[in-house]
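Some notes on the structure that comes next.
Computed from a predicted model, the values in this text were never measured in an experiment.
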Amino acid sequence: MSQAHIDNEDTIVRMPEFSKEAVEYTVPDNTTSSSPEKKPTRIEAIRESMKPALLYVVSTAQFLDIVNGASVAVALLPIAKDLKFTTSEAIWIINAYTIAFAGLLLISGRLGDLFGHRRVFLFGLFWFALWSLVVSFSTSPIMFVMARVLQGMGAANTVPSAMALIATNYPPGPARSKAFGVFGAFGGMGAVTGILLAGGLISSIGWPWIFRISSIAAFLLWPLGFLAIPVIPPKAEKPKIDFIGATMATLGVTGVVFYISSGVDYGWASAKTLPVFLISIALLFAFVFVESKVASPIMPLRVWKYRTFSASVILAFVQMAMMQGVIFYSNMVFQEVYGWSSIKTAVGFLVHSLLAVVVFTVMGRIMPRLRLKPLILVGLVLRCGTALMFSFVDENTPYMRLPFPAFVLHVFGIGFTMLPLQVTAVRDAENKDQGLVGAIYNTGLQLGAPFGLAVLNVIAISANGNEPSTGHGNPALMKGYRNAFYGIIAFGPAVASTKKAESKDLESGESATQEEQIVTVTAPENGEPVAFESDVSTISSKQEYSLEKKHQV
């Protein structure tokens, strides 16, 4: 960059860099020399060379979180049998992790904004690894449930910080879209890999190795994250934490997730669930009120004013309900209607897992050139088509005739919907809010999954009545499963109506092209041009490009 000489005044130019933070360049009057560069230490040199691994570190952490959730769903019966869970207690094999994870997302995301996403991510990854190991050595239901709660707390610290690290280290446009494409590919692969892993391990060395493998992988990933994630200097001012708001938010979200997850088993109006739900709703309303009054809120209400954020959260909620429904009930079709074993069921999902890696990676590369609203609509149609195809399955239907092509459609449908929503959720947020935005978005996902299953379970159970679910084959259950697939299709109009209501937001978040252009700023006096290369989306975002000056440049 050529030096601009300006009499008696300095010119300050800000431009976006890799970390998305504005970097100030000050051109002092009559200055011709610069201070010598400090030679980086060995650890700094290693960290610089490891930067490209950041994306794969945070994506693998999300992969491990999702693998755990999916694999435990398959291993539920063996775990319950070995540890002697009662029928009423077995629900906590899954819910202990889910409730802790969803309940702490908001506070952990905000802590990342205040104290640094690197710190929160690395702490969460270590905590997740430690308690995954403890879970694998459980000898009683209470030990298993408590360890799962603590494991979920670790996962809650990794996911929103992972999204924030991507958003703050990759500039808007093609770079960020490709990064989120890779991130989404790992997530989609994890959902089905968990089923595959569980099936193989249960049939061979046992369910404890589900957690031991996760623990080993997380411990190995930790030093890579320590080196690959850039170190950000701590803030000069000590961050203030809204403890009252954090407590209200955590208890409120936890209670809602508990109600949705437990309602089918305990009853929606039972003394065990309804009071918890009512108290949780009251806490959430009080939380919003408190956040509008306190000086340093845990959830600044300004985040809901970001153009594409609220639309993305609502759509993600419904889309996750649909996805969880397809994964769960296709699994039930394989095991009950077809009478397949766990390992054969896992192989049946293999096409879903492998194709997800390809589709999500490609989508990350081409998404910046596409309009998001039509893309989401096409994905919605494909996902409804998946549910429709499964609704025609019976015990005599060959796998290659309907389930296989249905899975192909489903992977494309997820890629066309979830990946654009992931990008638009964080697109307009400032760096100081990235962790919170990622946390709220993931909370929407976590609420959508049990909500979808709760609604669909009611539909299936009402049709199947007293038909037993043995896990070893009962084709008569297909009647209820078919109605559940119809329910998934019915979620489609809900998404479409939401999309129509939020169309303005989604439209403003779209980027049909990301054309590179040069912005030239000409300094006065000597008239030398200073050129900066950026892209359309970067320039149009207020926080991405700013020019501050004491004189008009």
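- Within a 6.0 Å sphere centred on CE of M146, other residues, nucleotides and ligands contribute 12 heavy atoms or fewer.
- Heavy-atom contacts from other residues, nucleotides or ligands closer than 6.0 Å to OH of Y56 number 12 or fewer.
- Relative ring orientation between F180 and F183 is described as perpendicular, the plane-to-plane angle rising above 60° on a 0-90° scale split at 30° and 60°.
- Side-chain contact check for S132 and N68: no donor-acceptor pair (N or O, by modelled atom type) lies under 3.5 Å.
- Within 6.0 Å of the CG atom in L220, the count of heavy atoms belonging to other residues, nucleotides or ligands exceeds 12.
- Between the side chain of S215 and the main chain of A129, a donor-acceptor pair closer than 3.5 Å is present.
- Side-chain N or O atoms of R383 include one that pairs as donor or acceptor with a backbone N or O of Q319 at under 3.5 Å.
- In this structure, R118 satisfies the cation-pi test against F226, with its NZ or CZ atom closer than 6.0 Å to the six-membered ring centre and inside 45 degrees of the ring normal.
- Using cut-offs of 30° and 60° on the angle between ring planes, the pair F451 and F491 is tilted.
- Judged purely by atom type and a 3.5 angstrom limit, S71 uses its side chain to pair as donor or acceptor with the backbone of V67.
- Using cut-offs of 30° and 60° for the angle between ring planes, the H410 and H352 rings count as tilted.
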For residues 102-109, tabulate all N or O donor-acceptor pairs below 3.5 Å that involve a side-chain atom, not counting sequence neighbours.
from, atom 1, to, atom 2, distance (Å)
S108, OG, L104, O, 2.9
S108, OG, L105, O, 3.0
S108, OG, A156, O, 2.7

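- Checked against a 6.0 Å centroid threshold, the rings of F349 and F407 count as neighbours.
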